[in-house]
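Side-chain atoms are counted along with the backbone in the values below, which use heavy atoms only and exclude waters and symmetry mates. In what follows, chains are A, B, ... by sequence order, proteins preceding strands, each numbered from 1.
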2 protein chains.
Amino acid sequence: MATDRDSVLEAAVGVLSRRPTAHLDEIARAAGISRATLHRIFPGREALIREVGALSLRKFATALDTAAIDTGDPQAALRRLVDAVVPDAALCAFLAGENQLFDDPEINELWEIQDERVRSLFLRGQQEGVFRIELSAGWLSEAFFDLVAGVGWAVQDGRLAPRDSAYSLAELFLGGALRSPDRS
Amino acid sequence: MATDRDSVLEAAVGVLSRRPTAHLDEIARAAGISRATLHRIFPGREALIREVGALSLRKFATALDTAAIDTGDPQAALRRLVDAVVPDAALCAFLAGENQLFDDPEINELWEIQDERVRSLFLRGQQEGVFRIELSAGWLSEAFFDLVAGVGWAVQDGRLAPRDSAYSLAELFLGGALRSPDRS
DNA sequence: CGCAGATGAGACATCCGTGTCTCATCTGAT
DNA sequence: ATCAGATGAGACACGGATGTCTCATCTGCG
């Protein structure tokens, strides 16, 4: 069943986002199944990793959809995106830590599409005068993703309360660390 | 000679920050030496990783020293820290990606010390009314480190020009992505 | 109850990275 | 030129993770 596959994948994300080199034993145990069954579902480690990456990107794409980032005020759109993506921040943490995924052309293409969508949000925001133009849209996009991944790690390790994560992420990214808007 | 060790370690950082699971062959080739010589310098992979971690933390500590983060205006101090740490951003990228280092108590302690120093800078900045108090000093510290690591990756992969890196990092972190200081 | 399918536990072979070794070659100093 | 030290290339064994297999057990259904 597809449900089984997805639940296993989600358990795998929990382990792999923290330790990309975790053994299959560990992943199987985290998913509540045996290594044999894990092998019955996924042909091998490589296939499992690829599926986890695909799931992560699909969820990220869904978050972009539900946030409707092409609509309305860019700032509000980004806040919606934060709310939509924070619950799956661990997936982004996994994507950030699993650089070997970028060898797969299919995954790479999926990733490129989503990245382009985020970049276009920042570009639109810059054109509408909402986001700063001194920082390139590419850098804004990358930095945003870095912070999402950071939130994923911090929440997983208990350094950041899930309740605060969306607020902390949005406020820091949008407003910065400075209290007064003094940009000398 | 210590010079040899350090040059090998720096080459190792270049490879390991991008791919933490890189083979020793690859690291040796990046350092311009053979795997045999690599083994003559470092007893094994674990020792090499530990030394790279120690070097990274030493350099990070040096950056904190030269930036004199305990002195003067917190904002200026953070800008000095950015300038001091950006040249070694790849080291932070390595530290961020190498979670297994945290098993070593000595490395862990070194890391804790540096993290505490950064956190105290933010705490001081908050007390002096420079940094926002809605965001915890711990989160500011973690997010700052995430962005430094992100800069390291982006520069290594050519997505961010080294010339722009310090500016992009400081401006985004301090001022945020919003053009107008509208914090609704 | 009896059966079919799925699962878990374990054994086993295989692959790959690592650690260690030897030996030929190169370099630099005397 | 000669020798000592260092280096590179390669071979080899070891260990651990992976991939595959078998078999006992469990579950759900007729």
Side chain of B:H39 only, please: which of D:dT20, C:dG19, C:dT7 is the nearest?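 So the nucleotide nearest the side chain must be C:dG19.
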For [X] and [N], what is the distance between atoms [atom1] and [atom2] respectively, to the nearest whole Å?
{"X": "B:D25", "N": "C:dG17", "atom1": "CG", "atom2": "P", "answer": "8 Å"}
{"X": "B:I41", "N": "C:dG19", "atom1": "CD1", "atom2": "P", "answer": "14 Å"}
{"X": "B:L38", "N": "D:dT7", "atom1": "CG", "atom2": "P", "answer": "12 Å"}
{"X": "A:D4", "N": "C:dG8", "atom1": "CG", "atom2": "P", "answer": "10 Å"}

Can you label the angle between the A:F60 ring and the A:F145 ring as parallel, tilted or perpendicular, going by 30° and 60°?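 It falls in the perpendicular class, over 60°.
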Going through the distances and angles, do A:T37 and A:S34 end up as a side-chain hydrogen bond (donor to acceptor under 3.5 Å, both in side chains)? CA-CA 5 Å; A:T37 303; A:S34 70; 3.2 Å; yes
Please list residues of residues 26-36 of chain A whose heavy atoms come under 4.0 Å from any atom in DNA chain D, ordered by number; otherwise none.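 Per residue number, the list reads A:R35.
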Give the C-alpha distance, both sets of side-chain angles, the deciding distance and a yes or no for side-chain hydrogen bond (donor to acceptor under 3.5 Å, both in side chains) between B:R117 and B:Q114. CA-CA 5 Å; B:R117 294 177 69 185; B:Q114 313 313 324; 3.3 Å; yes
Mind checking whether B:I69 and B:R80 have side chains closer than 4.5 Å, heavy atoms only?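 They are not in side-chain contact.
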Is any side-chain heavy atom of B:L135 closer than 4.5 Å to one of B:F122?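 In short, these two side chains do not touch, never coming nearer than 4.5 Å.
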Are there any protein N/O atoms within less than 3.5 Å of an N/O atom in nucleotides 15-17 of chain D, and if so, which ones and at what distance?
unit_1 : atom_1 : unit_2 : atom_2 : d
D:dA17 : OP1    : A:H23  : NE2    : 2.6

If the test is side-chain contact (heavy atoms from CB on, under 4.5 Å), which one of A:V151, A:L169, A:L147, A:V148 qualifies with A:V82?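 For A:V82, the side-chain contact (heavy atoms from CB on, under 4.5 Å) test succeeds with only one of A:V151, A:L169, A:L147, A:V148, which is A:L169.
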If you pin B:R40 and B:G44 to their nearest nucleotides in DNA chain C, which one's is more 5'?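 Comparing both residues, the 5'-ward one is B:G44.
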Salt bridge check: are B:R19 and B:E26 linked by an N-O gap of less than 4.0 Å?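 Judged by the 4.0 Å cut-off on N to carboxylate O distance, B:R19 and B:E26 do form a salt bridge.
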What I want to find out is whether A:E10 reaches A:K59 closely enough, with some N-O distance under 4.0 Å, to be called a salt bridge.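 Here A:E10 pairs with A:K59 in a salt bridge, since their nearest N and O are under 4.0 Å apart.
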